[in-house]
Amino acid sequence: MIGMSRYNPLAVEPKWQQVWEAREVFRARTDAGRPKCYVLEMFPYPSGRIHIGHVRNYVMGDVVARFKRAQGYSVLHPMGWDAFGMPAENAAMERKVHPAKWTYDNIAVMKAQLKRLGLSIDWSREFATCDPAYYAQQQQLFLDLLEAGLAYRRQMSVNWDPVDHTVLANEQVIDGRGWRSGALVEKRQLEQWAFRITAFAEELLEGLKSLERWPEKVRLMQANWIGRSEGLTFTFALEDPAGRLPEAERAEGLTVYTTRPDTLFGAAFCAIAPDHPLARHLAAQVPAVAALAERAAHLGTSAEALERAEKEGVDTGLCVVHPFDPDRRLPVYVANFVLMDYGTGAIFGCPAHDQRDLDFARKYGLPVRPVVIPEGVDPAGFVIGEEAYTGGGRLAHSDFLDGLEAEAAKAAAIDRMEALGRGRRTVNYRLRDWGVSRQRYWGCPIPVIHCPACGVVPVPRADLPVLLPEDVSFDRPGNPLAHHPSWSHVACPSCGCLARRETDTLDTFVDSSWYFARFCAPHAAEPIDRAATDYWLPVDQYIGGVEHAILHLLYSRFFVRALKACGKIGLAEPFAGLFTQGMVCHATYKDDRGAWLFPEEVEEDGAGGWRVASTGAPAIAGPLEKMSKSKRNVVAPEPIIEAYGVDSARLFLVSDTPPERDIEWTQAGIEGAWRFTHRLWRAIGEDLSALAPAGAPMPAELAPEAMALRKAVHKAVAAVTEDIERFRFNRAVARLHELTTTVIEARGRSEAGGMTYALREAAEALCRLAAPVLPHLAEEAWSALGHDTLVIDSPWLVADPALTREDEMVIPVQINGKRRSEIVVPAGADEAAVRAAVMADEAVARALGGGSVTKFIYVPGRIANLVVRPG
RNA sequence: GCGGGUGUGGCGGAACCGGUAGACGCGCCAGACUCAAAAUCUGGUUCUGGCAACAGAGUGUCGGUUCGACUCCGACCACCCGCACCA
C-alpha cells in the first residue's frame, strides 16, 4: 500500500509557512477585476504574550480570509498593534524600562507567536500606533478636526487623583479611590480637549439601521448609549425673596428639560445640580448648599457609590412660578442626584409619576398630586402610595390638559409652551462629547501650542510631527511630559514669543479609530490614501470581543463621519460586517487558603476532588472563568502547538462551540481535535493507489457506491460553504467529520466501478474544504496528492446541483402527530403517490388499528400526517 | 429599576420558514488488534419498561394556538450581559 506517512505537524507546518512567505501569497493587491474583501480582527494591545483567547479571534478571521480568497476575492487581512497606553508607563515606573522598549520588545515576542499560527496576514502592512510614522499622521488628522471645529477645548468634569496628579478613567476609580495611589478621588473641572461626537448623535443613531451585518445586540447597546429622548425645554420665572441672587441671574429664570411635559400640573418642586451656576452663587451664602456641593464632588462615580448615596436636597429659598398657573409657586432645591451635564442641569419634579421624585417628595414633605390617571380609574379615588405611577392614561387636575390621553397631553403642553414663547420642543441625547485629553506620556502628542498672547495655536503642518521626547523620567507622580525640563518650551509659531507646548496626549481610543483606514495604505505620505481607502473600505468583516461594542466601535463610526466632513474619506460606515466572538474560558483552581493555582499545579485526587500535585494538599475547583492572569487560568499557545501542532489548535477553537459563545478550553477537547487531524490525514492519503491519478477524466460508468460518494462530497461542499459564510464554523467542522467518515468507509469498496475517480475527487475536496481551518495539513496533503500548485491558490469548490439532489425521499408518517413509520418514494412523487405509499405501509396499517382517517396532510418532501378517529 | 439574551442527553452542541428532537464531537460502555499497554478500528449510548419488535415520556415551569410546537402566543422561574440618579 502506497500511503502517505504519518502526519507530523511539527515538521510540516513551518515548511508551508516558509513557502507562503517566499511566494508572498498573502500580499494584498488592489485588483479592479476582482471583488474585494477586507477582513480585520481587532488589533491587539502588546501586553507581553498572546494567549488562546487572542488565537481564537485571529483564527476566526483567518478562516474567513482564506475562504474568501479561495472564492476569488482580493483579500486584505492586515495586522498591527494598539501600542500606546498606560501599561507601558506602569512598566516604566515599576521596572525602570522605557515604555518604547517595553512595547517594542513585547511586539517582537507577540509577532513571533502570531507567525507560528500560520495566519494569512499581509505582514508588509504592519504598524504600531506608537510608531512616529503613525502618530505623525494622526496629528495631521487632529489638525483637520480642529480646523473643522470638531476638536475643541472645554471645561470637563474629571476624576482627579490628587496624589498621582492625573486624571483617571471611571474604571480606574475603585470605591472612590485611585486604583494606584489609593487617594480619595475628586471631581475637578479641567480644561480638556474634546471631540464633538454629539454633532453626529442623530447620524450615529440613524446609521445603525444600515448596519445589517452587525449583531442586533451591539446596535441596541449603541442606540441606548446615544440615548435619544424627545421632550420640552422651558424656562420658569424665578423669585428670590431673600435677595441672594444678582438681579440679572434671577431675571434669567430657571431652564429645565423634561420628557414628561404632560405631568406639569403635578409638579411639586424644582431641583438643580450641585454644580449648576445658580447653586454656585448660592454656595457662597448658604453653607448647606456649599456642604452638599462638597460632598457631591467627593462622591465616587461608580454605579454602586451612586446607588448607596442617600438622595438629598437643600432648599435654596428660591422659588419658581408655575408656567401655566401664575398663582402656584414651587420651591427650588439643590439635589445631589441632578446631573449638570445632562439636559440643562435642572429639573422639575412630579412625585406622582416618577419614583425618584416621589422618594424625594416623601423625604421633604412635598405634595403628591396624581395627574395621569390609568384608564377606567376614578381620578378622585386615585391615590399614590409608595410607588409612582409611570404608565399611561388620561389627564386630570390639569386645567387645559384635562381628559387628554398622556401622549396627546405632551404635545398639547409643548404647543402651549411654544405659543407662550416660554419653551420649545427639544431632542436630547445622553451621549456626551468625547474627552480625549490624557495627562500621560505614552500617547500621541496633541499638536498645539499655548501662547500667552495668541492663545491656542496649532502646530504648523510643516513642523509636524511633534515627537515624544525620549529622555523622560517616571519617578515623580503626574505627567512626565509636563515635568520635562525643555520639551514644552517653544516659540509661538504665530508671534514668536515664548510659549508652551500642549503636554496632554490623545486617548488611545483615537489611535484605534482610524487604523483600519491606514492599513489600506500604511506607507502613504498622507494619513489616508483616497484611492486605497475607496477600494478597500469599508471593512467587510470585522471580528472582535463584545467588550468593544460601544466605545471603540462608536468612536470609529464618529471618526469616519468627522473625516468625511473634512473631505478626507468617502465612506458612510467603517465596518459593514461585525462579528463579536465569545471568550475562551478555563477551569480555575484555588488551594485551601484561597490562593489561585495554575491548572498544571493540580491533579485529580481519585475521589472526585483535586489536590496540589507537588504537596498533595487539597485544592478546590472553582468556576469556569474568562482567562486572566490574576486567576492563573491562562493557557499559552506554545505548549499546545508543540504538542499538537497549530492546525489541531485552530481546529479545536472553531469546533463544537458556536463562535459567538464562550468556549471552554479543555485537554480532552484539544486531544479530540488532534485525533481528527490524523483521521482526516488518513482519509485523504492512507492508500494513494486507491485513487485515480490527478486530473484523470471521469469514467463513463459509475457504480452506485461511487455515485453515492460523489453525492456525499457535493453535499458536503454545499453545506460547508454555507456554514462558513454564516459564521457557523462548528457546523462546518461537523460536516468535515461526516465526509471524512464517509470517505474512510468508501475506501473499503474501492474496486467498485469508478470508485478510484470518486475517491480522488473526495480526497481533493477534503483538502480544499479543510484548508481554511487546517491550512498546513491541507497544503501537505494537496502536495502528496500529486499537485505542484498550492491549495491556497486553488479556487473554492462549487457543488454540482445535480449531485446534491436526492432521487428518493424519506417521508416520515405521523398518525395524530406521532411518528409511526416512514416511507421511501421517488423524489418527485405527488401527493396521491405518497398517500398510496402511506396507505400501503404495514406499520401504518398496524398503528391505525381500525380507526378511520378523517384527514390526510402532506407537506411536500417533508412529512405526512394522518388524522385518525379511533374506530 | 430599564433594555437585551440564554435555558435541549453525563458534557459542548445540532434541528433551515411550525414538519422524524438529539446531527457532529467529547465522555462512557462493549468488542477487535496486542504478551500487555498506548494508538487505532468496529458497535452501542435521551430516559423508563421490554430479550426483542415495540410502547410510553421527553427541549427550564405552567397554560394556549395547531393535524403537528425546541420553534408561535400568554404567564412564570433561573442564569448571563449591557445601561443605570438621563429628568
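In what follows, chains carry the letters A, B, and so on, assigned in the order in which the sequence lines appear, proteins first and then strands, with residues in each chain numbered from 1. Predicted model only: the values in this text are computed from it and were never measured.
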**Item:** Whole-Å P distance, B:G64 and B:U71
**Value:** 14 Å

**Asked** For the side chain of A:Lys855 and the base of B:C67, is some donor closer than 3.5 Å to an acceptor across the two?
**Response** no

**Asked** Reckon A:Arg219 has a side-chain N or O less than 4.0 Å from the OP1 or OP2 of B:G3?
**Response** no

**Request:** For B:U66 and B:G82, measure between their C1' atoms and round to the nearest Å.
**Result:** 37 Å

**Request:** Once you apply the 3.5 Å cut-off to both distances, tell me the Watson-Crick or G-U wobble partner of B:C47, or none.
**Result:** B:G56

**Asked** Quick one: is B:A23 close enough that its OP1 or OP2 comes under 4.0 Å of any side-chain N or O from A:Arg731?
**Response** no

**Request:** Please state whether the base of B:C86 and the side chain of A:Arg432 form at least one donor-acceptor pair under 3.5 Å?
**Result:** yes

**Asked** Which part of the nucleic acid, if any, lies within reach of A:Ile857 when heavy atoms closer than 4.0 Å are counted: base, sugar-phosphate only, or nothing?
**Response** base

**Prompt:** Taking atom C1' of B:U20 as reference, at what distance in whole Å does atom CD of A:Glu808 sit?
**Reply:** 17 Å

**Item:** Presence of A:Arg820 side-chain N/O under 4.0 Å of B:G56 phosphate oxygens OP1/OP2
**Value:** yes

**Request:** Please measure how far the P atom in B:G7 lies from the corresponding atom in B:G13, and state the result in whole Å.
**Result:** 9 Å

**Nucleotide opposite B:U20 in a Watson-Crick or G-U pair, distances under 3.5 Å** = none

What protein N or O atoms touch nucleotides 27-30 of chain B N or O atoms at under 3.5 angstrom, if any, and at what distances?
residue : atom : partner  : partner atom : Å
B:G27   : OP2  : A:Arg675 : NH2          : 3.1

**Complete:** Assign each of A:Arg819 and A:Arg430 the nucleotide of RNA chain B bearing its closest heavy atom; nearer the 5' end lies the nucleotide of A:Arg819

**Pairing partner of B:G1 (Watson-Crick or G-U wobble, both distances under 3.5 Å)** = B:C83

**Asked** For the residue pair A:Phe652 and A:Trp665, does the interplanar ring angle fall in the parallel (under 30°), tilted (30 to 60°) or perpendicular (over 60°) class?
**Response** perpendicular

**Complete:** To the nearest 0.5 Å, atom CD of A:Gln222 lies from atom CG of A:Leu204 at 8.0 Å

**Fill in**
Across every strand shown, the nucleotide meeting Watson-Crick or G-U wobble geometry with B:G7 (both distances under 3.5 Å) is B:C77

**Request:** Classify the nucleic acid contact of A:Thr657 as base, sugar-phosphate or nothing, counting any heavy atom under 4.0 Å across all strands shown.
**Result:** sugar-phosphate

**Request:** For the pair A:Glu722 and A:Arg726, find out whether any cationic side-chain nitrogen is under 4.0 Å from an anionic carboxylate oxygen.
**Result:** yes

**Prompt:** How is A:Asn428 classified with respect to the nucleic acid when contacts are heavy atoms under 4.0 Å: base, sugar-phosphate, or nothing?
**Reply:** nothing

**Request:** Indicate, with yes or no, if the rings of A:Phe360 and A:Phe337 have centres closer together than 6.0 Å.
**Result:** yes

**Asked** Counting just side-chain N and O atoms, does A:Tyr342 come under 4.0 Å of either OP1 or OP2 of B:A87?
**Response** yes

**Message:** Using the ring centroid of each side chain, check whether A:Trp214 and A:Phe579 are separated by less than 6.0 Å.
**Reply:** no

**Asked** Can you list the steps and then say if A:Thr344 with A:Thr255 is a side-chain hydrogen bond (donor to acceptor under 3.5 Å, both in side chains)?
**Response** CA-CA 7 Å; A:Thr344 61; A:Thr255 301; over 6 Å; no

**Fill in**
A:Phe729 atom CZ is separated from B:A14 atom P, nearest whole Å, by 14 Å

**Request:** Return the nearest nucleotide to the side chain of A:Arg679; candidates are B:U42, B:A87, B:A21.
**Result:** B:U42

**Fill in**
Answer for the Watson-Crick or wobble partner of B:C72, both distances under 3.5 Å, is B:G64

**Under-4.0 Å salt bridge between A:Glu725 and A:Arg728** = no

**Message:** Judged by each residue's nearest nucleotide on RNA chain B, which is more toward the 5′ side, A:Glu822 or A:Lys818?
**Reply:** A:Glu822

**Prompt:** So, A:His322 versus A:Phe236, ring centres under 6.0 angstrom or not?
**Reply:** no

**Any A:Arg661 side-chain nitrogen or oxygen under 4.0 Å from OP1 or OP2 of B:C80** = no

**Nearest-neighbour nucleotide for the A:Asp656 side chain, B:G12, B:G4, B:G19 considered** = B:G12

**Request:** Describe the nucleic acid contact of A:Val546 in one word from base, sugar-phosphate, nothing, applying a heavy-atom distance below 4.0 Å.
**Result:** nothing

**Message:** When you compare the side chains of A:Ser821 and A:Asp841, does any donor N or O come within less than 3.5 Å of an acceptor on the partner?
**Reply:** yes

**Asked** Can you find a side chain N or O atom of A:Arg356 that sits less than 4.0 Å from OP1 or OP2 on B:C86?
**Response** yes

**Request:** Mind checking A:Glu738 for me? I need base, sugar-phosphate or nothing, with any heavy atom below 4.0 Å counting as a touch.
**Result:** sugar-phosphate

